[in-house]
Trainee: 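One structure is given below, represented as structure tokens, and several questions about it will come after.
Proteins get letters first, then strands, A, B, ... in listed order; numbering begins at 1 in each.
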There are 2 protein chains.
Amino acid sequence: MGSSPESRAVGQPAGGGRNRSRPPTLREVASAAQLDISTVSRALRPETRDRVKPETVKRVLATAEALGYRANPFARGLKVQRSMTIGMLVPDLGNPLFPPIVRGIEDGLRDRGYAMILGNTDQDLGREENLLDVFLQRRVDGLVLATALRSYPLLQNLVDGGVPVVLVNRTTDEAPMSMVAGDDHQGVGLAVRHLADLGHQRIAFVGAALSASTGFNRYHYFRAWMHALGLEVDEELIVFAPWFTKDAGAEATKELVGRGRPFTAIVAASDMIALGCYRGLRAHGLHVPDDVSVVGYNGSRWCDEFDPPLTSIHVPKYQIGRETARLLLNMLDTADTSPASVLLPTSLQVRASTRQV
Amino acid sequence: MGSSPESRAVGQPAGGGRNRSRPPTLREVASAAQLDISTVSRALRPETRDRVKPETVKRVLATAEALGYRANPFARGLKVQRSMTIGMLVPDLGNPLFPPIVRGIEDGLRDRGYAMILGNTDQDLGREENLLDVFLQRRVDGLVLATALRSYPLLQNLVDGGVPVVLVNRTTDEAPMSMVAGDDHQGVGLAVRHLADLGHQRIAFVGAALSASTGFNRYHYFRAWMHALGLEVDEELIVFAPWFTKDAGAEATKELVGRGRPFTAIVAASDMIALGCYRGLRAHGLHVPDDVSVVGYNGSRWCDEFDPPLTSIHVPKYQIGRETARLLLNMLDTADTSPASVLLPTSLQVRASTRQV
DNA sequence: TTGAAAGCGCTAACAC
DNA sequence: GTGTTAGCGCTTTCAA
């Protein structure tokens, strides 16, 4: 018994071969039931079932069941030109923001017989184009795009091509399109007001990724809410990280502190950025929340475990997914591609990273 | 621009915004190129391309490109009986263990033209059966099962049916099947030895989900390694949580502490369980790592952020996904379903939750 | 090297 | 209510 640094292959006795005999066809069910193929087809499909005598239906169902019949989706797809499949693009499934959204979409689609194929773009436009091409080739019935770039000409082509598209967590400047997201305006308002209520006046903003619509929006809404609440927006108290990462957040925070302008609180553009703030502040000997309060954004599932537990704006990720599925199904059903947008309300989760000034 | 006898939608910019109403067919490419449909088919597919005169190939490629032609996957699937799609079942994509694995599989499959459809079972056997049915109906070419139950009769049916299956993070008692996972034996060894090296002798084990193969294995390997390292296994120092959750881990830990047997360290069956240990210990006024050292398992991306940062056994999740794809592709290529198992080595990540006794 | 033709399994328009 | 039939777009013999 010993541990091996190498990956080890555990050989196992070779077992059964492959006897994937061709699954039964409609024709086989028909001949087994002594009926014509078309009658069987009608009996099998709920929409046309009422055109067949009930007893016949019963007989068909029985034989189909007995033979383990399953409609061949290729043959059907070839005929009806629908794949019952939708394609989804995310920057990276490893980003904890996306799994709950994907899950919500899956759940919403599943009951209606749709399946989803997923692609990761890694923020690479070439890859995105490429995946879109694969999806289109596979004749997906609809598309969900959760990739975050604000500017993206291909979008218009898609819409022109008549493919139903729903954007998630992203708006586009190019074309009016359906989209679902958390309400960033309301959410940022929650954050700023929470700090204001705690008596904070000099509030900094550590933003990220202005090229992404979430990053862009949250920044502007921050300004708007500061004004709305009668608080001064000090340009020196606004910094940006290039990405939504901890390292980037830490760097931006150090820059902020280095400017030497007094502040008592930070609104961070995401939880990852907030963790970066923790580190950046700590590097300057500042303590959260005694010296500086920090509010994160997204409400990731680990906020409770952070040190200190992070006050955050919770985004209803799963619900966003469900809503996306609903919108898409609606477009699929009605062939109506007129855009509709849904913003879901966020909520404030108060934890230990914020305190009275 | 030659005029073709076949009616073609006019005003469609080539290669740009294609209209979905009617994607060009092989026949249309053929008539545009003044060739027979079969020649075009041959020219378009790399495998048969060498049977066509190079100039002809060039001409075909050009017209196909110009028309924005894409092979219809239904028609092809109908002919060749392959969907180029694989199905994957996970308990819950929201569990952070799975996204990186899914991502790894996706990446491994994508280059070879395969797409993946995903299903969440929520540990519900009925749902699992149901999803399997949907996958089979869609004629998936292969299956990846990351659902964790040890006992599962349907598995044998699948193998008998000739569908290539790879298990992830799970073994089965029923049939010899291909599987990929982290090397739990080696990993648990890393954890126990790390603690032993720090001078710990009375080491507790907070396990979870014996019905899952990971839970089961880690428990037994814990015992094995304790013996191997000459440490006493005190049955009173072994507790189990029903699930891999923080709450369950906290309860189990309170139970452990309540037993009153002295111990200085805990090996937890997962990071979530470890977080439960933190809470359970804290509830009894015990401090990590001063009173008790804790080692987690999985190496989730947030370990650094916990309070204290969690020493953990890192499982190469993305690599597991890649390896799974490799195995599956191999089965797909060779039509050889003889099982092969791969255990990938884990690594110890030392953080602040463990210290010298 | 290219063309003709036979389906793959299903749906739907049309007959009976 | 049930049967007949013509494709959907592609691959793949078999001929030329």
Side-chain angles (χ1 to χ4, degrees), chain A residues 20-61 63-64 67-84 113 136-139 141, chain B residues 6-8 18 20-61 63-64 67-84 113 136-139 141:
Chain A
R20 164 121 89 163
S21 51
R22 225 178 3 82
T25 72
L26 201 56
R27 181 168 283 108
E28 278 159 18
V29 177
S31 80
Q34 310 267 56
L35 282 167
D36 187 84
I37 165 177
S38 60
T39 306
V40 175
S41 171
R42 277 191 284 259
L44 249 25
R45 229 145 6 100
E47 314 88 272
T48 49
R49 187 167 293 162
D50 51 358
R51 293 187 197 173
V52 178
K53 189 161 51 167
E55 307 135 56
T56 314
V57 171
K58 193 172 296 180
R59 186 148 54 100
V60 169
L61 257 31
T63 38
L67 266 52
Y69 172 78
R70 300 159 136 85
N72 184 318
F74 306 127
R76 179 172 292 175
L78 189 55
K79 189 69 190 172
V80 304
Q81 297 293 11
R82 275 163 77 230
S83 59
M84 299 302 283
L136 257 22
Q137 155 138 17
R138 282 189 175 249
R139 304 295 201 272
D141 296 330
Chain B
E6 289 287 276
S7 67
R8 183 157 86 70
R18 54 205 139 266
R20 137 162 298 226
S21 58
R22 191 145 102 69
T25 70
L26 201 56
R27 177 168 285 108
E28 280 160 16
V29 178
S31 80
Q34 311 267 55
L35 282 166
D36 187 84
I37 166 179
S38 59
T39 306
V40 174
S41 170
R42 277 190 285 259
L44 249 25
R45 228 144 5 99
E47 314 88 273
T48 49
R49 187 166 293 163
D50 51 0
R51 292 187 195 174
V52 177
K53 191 163 51 169
E55 307 135 55
T56 314
V57 171
K58 192 172 296 182
R59 184 149 52 101
V60 169
L61 257 30
T63 38
L67 265 52
Y69 171 77
R70 298 160 139 84
N72 184 317
F74 306 126
R76 177 173 294 176
L78 190 54
K79 192 71 190 169
V80 304
Q81 299 290 11
R82 275 160 80 226
S83 59
M84 298 304 281
L136 258 22
Q137 155 138 17
R138 281 188 175 250
R139 304 292 199 275
D141 296 330

Trainee: What is the distance from CD of B:Glu47 to C1' of D:dT12, rounded to the nearest Å?
Mentor: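 Atom-to-atom, B:Glu47 to D:dT12, this comes out as 13 Å.
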
Trainee: Considering residues at least two apart in sequence or located in another chain, which fulfil the side chain to side chain contact (heavy atoms under 4.5 Å, CB included) criterion with A:Lys53?
Mentor: A:Glu55, A:Thr56

Trainee: My understanding is that only residues two or more places apart in sequence, or in another chain, count here; which of them pass side chain to side chain donor-acceptor pair (under 3.5 Å) with B:Arg82?
Mentor: B:Tyr114

Trainee: With rounding to the nearest 0.5 Å, note down the distance linking CG in B:Leu26 to OG in B:Ser31.
Mentor: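 Separation between the atoms: 10.5 Å.
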
Trainee: Taking any atom under 4.0 angstrom from a heavy atom of chain B, which nucleotides of DNA chain C are the first and last to qualify, 5' to 3'?
Mentor: C:dT1 to C:dG9

Trainee: Who are the side chain to side chain contact (heavy atoms under 4.5 Å, CB included) partners of B:Pro73, not counting sequence neighbours?
Mentor: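 A:Arg139.
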
Trainee: Output the distance between atom CZ (B:Arg76) and atom CZ (A:Phe74), rounded to the nearest 0.5 Å.
Mentor: 11.5 Å

Trainee: Based on the rotation axes of five pairs at each end, what angle does the helix from C:dT1-D:dA16 to C:dC16-D:dG1 bend through, to 10°?
Mentor: 40°

Trainee: Using the test side chain to side chain donor-acceptor pair (under 3.5 Å), find all partners of A:Arg138 that sit at least two apart in sequence or belong to another chain.
Mentor: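 Per chain and number, A:Arg138 pairs via side chain to side chain donor-acceptor pair (under 3.5 Å) with B:Thr85.
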
Trainee: Could you pull out the closest heavy-atom pair between A:Leu67 and A:Ala32, with the gap in Å?
Mentor: CD2-CB, 4.2 Å

Trainee: Would you jot down, in residue-number order, the residues of residues 50-57 of chain B having a non-hydrogen atom under 4.0 Å from DNA chain D?
Mentor: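 By residue number: none to list.
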
Trainee: Among A:Val57, A:Val60, A:Leu35, which one satisfies side-chain contact (heavy atoms from CB on, under 4.5 Å) with A:Val52?
Mentor: A:Val57

Trainee: Once side chain to side chain donor-acceptor pair (under 3.5 Å) is applied, do any residues pair with A:Arg27, and if so which ones, sequence neighbours excluded?
Mentor: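 In terms of side chain to side chain donor-acceptor pair (under 3.5 Å), with neighbours along the sequence ignored, A:Arg27 is linked to no residue.
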
Trainee: Under the rule for salt bridge (Lys or Arg N to Asp or Glu O under 4.0 Å), what residues qualify as partners of A:Arg70, not counting sequence neighbours?
Mentor: B:Asp133

Trainee: Give, for atom OG1 of B:Thr25 and atom CG of B:Asn72, the distance between the pair rounded to the nearest 0.5 Å.
Mentor: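 Here the rounded value is 9.5 Å.
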
Trainee: Under 3.5 Å, which donor-acceptor pairs link side chains of residues 37-47 of chain A to any protein atom two or more places apart or in another chain?
Mentor:
| from | atom 1 | to | atom 2 | distance (Å) |
| --- | --- | --- | --- | --- |
| A:Ser38 | OG | A:Asp36 | OD2 | 2.7 |
| A:Ser41 | OG | A:Arg45 | NH2 | 3.3 |

Trainee: Mark up nucleotides 4-10 of chain D, 5' to 3', with B wherever a protein heavy atom is under 4.0 angstrom from a base atom, S wherever such an atom reaches only the sugar-phosphate, and - elsewhere.
Mentor: B--BBBB

